[in-house]
Amino acid sequence: RGRHRGDRGGCSGSGARRPGAAGDGGGEGADLARILVSNLCFAHNSPSLWKLLGQAVVSRLLCPLHVLALLTPRVLPQRRAQPEAYRLYLELLKCHVTSSLLSMEAGPNRDKIGKSIAEALQLSKVYGFSGTEFGHVVIMFVLAVVSKLIDSIFEDCGFPSAMVEGQESVNAIDGPQPMDLDVKMGSTENQNEHREQLRRKNTLIALDVLHMMTADRKIQSFLRLIFLNMPERFSSLRQRLSSIEAQKVSLETLLPSGHKINELLINFWRVCKTDYQPNNKHILGVLGNMGSGGSLLGQLTGAGRPACWIIFDIYVENAIDGRHLSVISAIRIIKEMTKTMQVLNEASWQETFKALWISALRLVQRAREPLEGPIPHLDARLCMLLALIPLSVAAILQEESDMLGAEGNKILPQRQGLISSLQDLIQYSGLLVPPSSVVNAANAAASKAAIFKANYEAGVGNSSMMDQTDSSMKAAGNMLHLIIEACISRKLIDTSAYLWPGYVVPSGTLKDTALPQESPWLNFMKGSRLSGPLIDALVASPASSVAELDKLYSIALNGSEEEKTAAAKILCGASLVRGWNIQEHVVGMVVKLLSASLPSDSATSTPGSMSNYLAHMSTLNEILLGVSYGDAIHILSLYGMVPDVAVALMPICEAFGSIPPPPNHKSTILGEISVYTVFSCAFLCLLRLWKFYRPPQEYCLAGRGGSVKLELTLDYLLLMHNNHIEFSNSSASNRDSCNDMGSVNEVPAQLIYIDSFPKLRAWYFQNQACIASPLSGLCNKNPVHQVANKILNMICRKMNKGVVSSSTLSSTSSSSVSGSSVSASDDPCQRPAVSGWEFLEAVPFVLEAVLTACAHGQLSSRDLTTSLRDLVDFLPASLAAIVSYFSAEITRGIWKPVPMNGIEWPSPGASLHSIEAEVKEILASAGVQINSCYPRGVPPMLPLPMAALVSLTITFKLDRSLEYIQGVIGQALENCAGGSSWPSMPIIGALWTQKVRRWHDFIVLSCMRSPFGRDKDAVAQLIQSCFSSFLQSSSSGSDIIANRGVGALLGDSITNQGLRLPMAPGFIYLRTCRTFHDTYFVSEVILKQVIEWAHKLANGWCFNGPPQLKSGRTPLSCAASMVQQVALLGGGLLCIAGGPLVVQVLYEETLPTLLLSARDQSLKGPGPVSSTLQGYAMANMLFYCGSLLWGADRTSPVMKLSFLSRRPRVVRTHMDFIAGVLDGHILLGCDPGTWKAYVSQFMFLVVKFVPSWLRDIKLDTLKKIAAGLRSWHEHDLALSLLERGGPQAISVVVETFL
């Protein structure tokens, strides 16, 4: 009887683990295992010895894993010659490989056994494994055994081995080598038949053992550790799985238990599926009715579902604010954001792309009839819809194509999702109404589709005939037709879209549309000369193909000077602003042309190179004027070209700023092209790329090694440019660049440093010094003093009374006044014929002199304004020095206010109270109440520098040739007003309204921002209104998802023959959030709003309706989904307002402080539901802030440079805080239910969506958090957390199981 049990594998018996046995003690057990196995294989292969081996394993004299590792390479190759031994090996494997008694105490013996296991299985040779940690050895043992079993089953079934090259063979050795049985043997023939049956049965048992192993949770976890942390070693198992897939039908036919093949594949699929799936008791018992799905947002339907994509709407609306230029391409940001939201919402690609298109359509509809003002913004909105989003989608599809490969004409899932999303847009007729400015373009696109469809239905097979224009065929177009054309032009879809049902509208609905006219680009391509009428037509009409652009670009590089100038003007015209289908190519060409227009040595100014610079003046002037007009700079920034534009402008500024003007130079505003013109245009365009005039308060340290606001600087632009060049050496970066901008945008090959431009560098540091502190005096012999004297003589030449004396620019005082008069002659010798840089260096001292003279009454306000205007007329670049100097002086607050009474200074009159009343009305409609700054009867006043600056700005005419000046003036006025404690913006707005009455609504909208820069209460009210409008419900509370969402938050339309009231609070927030000085305060307000709304929603679930009627209350799952939307909104608003720095503070300080504080009203709830939902809301908001900023798998170099550098430290710090609390070293102040919900939900979200974050966390921290989760019976979550902790956590996971 004992021998029979031994024949069954020695698995019986209940030998208890004996302390000090070979499994845990000295090295005798390891030596004993080697001796026993070496005799079994196969010198003394007897059942008695197998029984002895089995008993030794059961009694823990021997380590089971060690014995199995020694047997595996010996028995498997002999499985046909020794079927009895193979059978006993399988039984031993079946009994012990999934045993729960495999643990070993750390020590020399465990290390020795681990080394022996690695040597026996030849892990270093087969897998390149050289580790010594026992946990790593265990998982590699599992991988080796599983792989060898698969190979054995394959070979025994007659299939080619699935073994990969370089691995040890398990080919069975045939031949009669019977086991030394101590029973009487039968005849040889019967013995052979018995052994053959045993071999066939062994194959089935091997499949059973393999199935049992892969179904075991412990083995799955071990294999998953390899999959996550050692993908190159898991690849061999992947190849074997592919072989099983290929031979699945044959295996199921050959094997009686073939149905287990499918179950086996499912088990392996679970191993490879890294998404964490919670069990039915996920996280919160009180929220157990939400089911096992991970995404609450994914459970919403109807009106609540669009709210899941609110981030799209927030980003695109914020991105088209031209006051803020981004250095990162919107294409990259939208691509990463789309991928992130698709994962977080667990949505299909069809739904994801559809949400993205709808957000962009809402963006256009929100201002489809834009307010008249200096910047239209409709072009930027259309650029977002028709160029940037198609390019972002193209980048996503390209990644899918690179990953999966193209298989013939098969449509990949993401591309199919795009097609389905576009087809779904047909039903949204209200969003597809085109703005009046693009009606003709939409009709032309629809007519093109109608012609194609008519030719297709008529059987015309020639594609060239289908493209011919038929002026007799008309069709009504909408925004969908423009979207489809944008997608076709980038090969996202093909022309079969023209045949979609409902795409072509019958021509009978179109009545008054003019017949399409022949494009001037056709004449250009036929070789027509670039003459005046054709140039004007090409400037006004966007190009339709890349071929047209290539020809034009060739002329701009190689044509005559007149042709180069004309080509540059055309490129910067409608093709740049409205050429949506080819816009990325135009942008690249303009930037390259800006860089190519100067010689290679443009960083230096030598007499021999002057003629080269002067020869390119006309072309450069056209390009500079083109990029300075309207939305052009903003559009360039949306393509992420700000660093490249800055680098292109710097040598132009350096070169032309070093050339003195001709002796007869009088004014630059008169229209003639001069070195001052080109220098001023380039210099002011460069300054528009960053906030050069920011007052010192914007640069003050926040105690965290950074500024309060991450404003752009020239140094940062150069850093971004140089890093882009360095990253471009990798093939991945080149593909990314190609996806974003097309092949025309070649990456520059030269690193640029500001030291290469000494004149620009000198001004840059002088400007920073001017902003930081008052000017110091100059000695009389200083060259700057002499230039300042000449400037003073020039600007004061028309004054007939005592003015500023040039002789008083002394070292004892930075400026003073004198009663001596200056000659009023217009002698050219009195004008400073110096280079632009020398002129700019002296301007701040001139400004201090004239401003001090005016303050002392020795220079009238009119004369001061006139002198400033003369200064700008002579060198427009002087405006930069004026803005910087006045901004700094306004911030310092040392100048007395002057009355704006219409006598000395211009008076705002009644317009002031009108504008202030309109601003109050707009804000009141959004739920924000503010006080009046200017009661009637009190004369308005402004600080002297502010009065001088606004008086100067209203002297400029509204001329397109002065666009480069007006682009600086507008933002400078707003920022100066924001930098002053004096409420200046209403007065500025009133004065400009008197000057340009048609800009009234635009100016009122600009003035609307001013209260939020100084009134924290207004900011808090605005944030509260944002949440209320997004989540407002009916009074009964029965329909919690009705009458709310994106429309209420951001508005459906902000213009309708003027400003439309009520104004959406979210729109106001996005336009004003950059004026919030205290972004930490904003962070706290948003977080408290999220908590308060969680409390309200919990109360709605608990108390809504009669207590006895559960059906009358809001479903708890719906309340939890609403809380998640609140968190998503809070995360979006916070990221937009504060950026990376505020998110960092939220992780490291704000939220931990809130959890540690004593329970206040914001964290109190009537019961466990409220406490749980509050913790749930905080976890979601924190996670959304981080995931929106850092993403799950961002590989773009630019994104890494800009966002990801802080992530490891920030997440590590927060995880250390959580671990400290769970370990008992930190005491909490919040409700325990809130804390439990917070930790569980945050860990769940990180594990499920961004497991890559965990690789930066210390192992000790992960162990403490996992222990805390297990104490809450969150065993699955704790295990998943450790599994994703990287190679450092492998041993911890293994020891947890063993």
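Positions are given from 1, in the same order as the sequence printed here.
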Practice problem: Give every residue pair that meets the salt bridge (charged side-chain N to carboxylate O under 4.0 Å, His left out) criterion with at least one member in residues 1013-1028, sequence neighbours excluded. | Solution: Lys1016-Asp1078
Quiz prompt | Asp379: side chain to side chain donor-acceptor pair (under 3.5 Å) partners, not counting sequence neighbours | solution = none
Quiz item: Can you name the residues that form a side chain to side chain contact (heavy atoms under 4.5 Å, CB included) with Ile894, not counting sequence neighbours?
Solution: Glu889, Arg892
Quiz item: Can you list every pair that meets salt bridge (charged side-chain N to carboxylate O under 4.0 Å, His left out) and has a residue in residues 1125-1144, with sequence neighbours left out?
Solution: none
Practice problem: Evaluate the side-chain proximity of Leu952 to Phe886: yes if any heavy-atom separation is below 4.5 Å, no if none is. | Solution: no
Exercise. Apply side chain to side chain donor-acceptor pair (under 3.5 Å) to Ser1006 and list each qualifying residue two or more places apart in sequence or on a separate chain.
Key: Arg323, Arg1009
Show the atom names and distances, to 0.1 Å, of all donor-acceptor pairs under 3.5 Å that link a side chain in residues 909-919 to residues at least two apart or in another chain.
| residue | atom | partner | partner atom | Å |
| --- | --- | --- | --- | --- |
| His913 | ND1 | Tyr934 | O | 3.4 |
| Ser914 | OG | Glu918 | OE2 | 3.4 |
| Glu916 | OE1 | Ser932 | OG | 3.2 |
| Glu916 | OE2 | Ser932 | OG | 3.4 |
| Glu916 | OE2 | Cys933 | N | 2.6 |
| Glu916 | OE2 | Tyr934 | N | 3.4 |
| Glu918 | OE2 | His1000 | NE2 | 2.8 |

Quiz item: In Å, rounded to the nearest 0.5 Å, how long is the span from CZ of Arg1207 to CG of Leu1189?
Solution: 10.5 Å
Quiz item: Under the 3.5 angstrom rule, does the side chain of Gln994 hit a backbone N or O of Pro908 as a donor-acceptor pair?
Solution: yes
Donor-acceptor pairs under 3.5 angstrom involving side-chain atoms of residues 921-928: please list them, not counting sequence neighbours.
| residue | atom | partner | partner atom | Å |
| --- | --- | --- | --- | --- |
| Ser925 | OG | Ile922 | O | 2.5 |
| Ser925 | OG | Met1063 | N | 3.1 |

Practice problem: Sequence neighbours left out, what passes side chain to side chain donor-acceptor pair (under 3.5 Å) with Trp992? Give chain and number order. | Solution: Thr953
Quiz item: What pairs with Thr955 under side chain to side chain donor-acceptor pair (under 3.5 Å), at least two apart in sequence or on another chain?
Solution: Arg869
Quiz prompt | Partners passing side chain to side chain contact (heavy atoms under 4.5 Å, CB included) against Val1019 (at least two apart in sequence or in another chain) | solution = Phe1012, Ile1023, Phe1076, Phe1081, Val1082
Practice problem: Could you tell me the separation between the CZ atom of Phe1067 and the CD1 atom of Ile314, rounded to the nearest 0.5 Å? | Solution: 14.0 Å
Quiz item: Mind checking what makes side chain to side chain contact (heavy atoms under 4.5 Å, CB included) contact with Ala367, not counting sequence neighbours?
Solution: Arg381, Ile1054
Self-check item: Partners meeting side chain to side chain contact (heavy atoms under 4.5 Å, CB included) with Pro1152 (sequence neighbours left out)
Solution: His1214, Phe1217
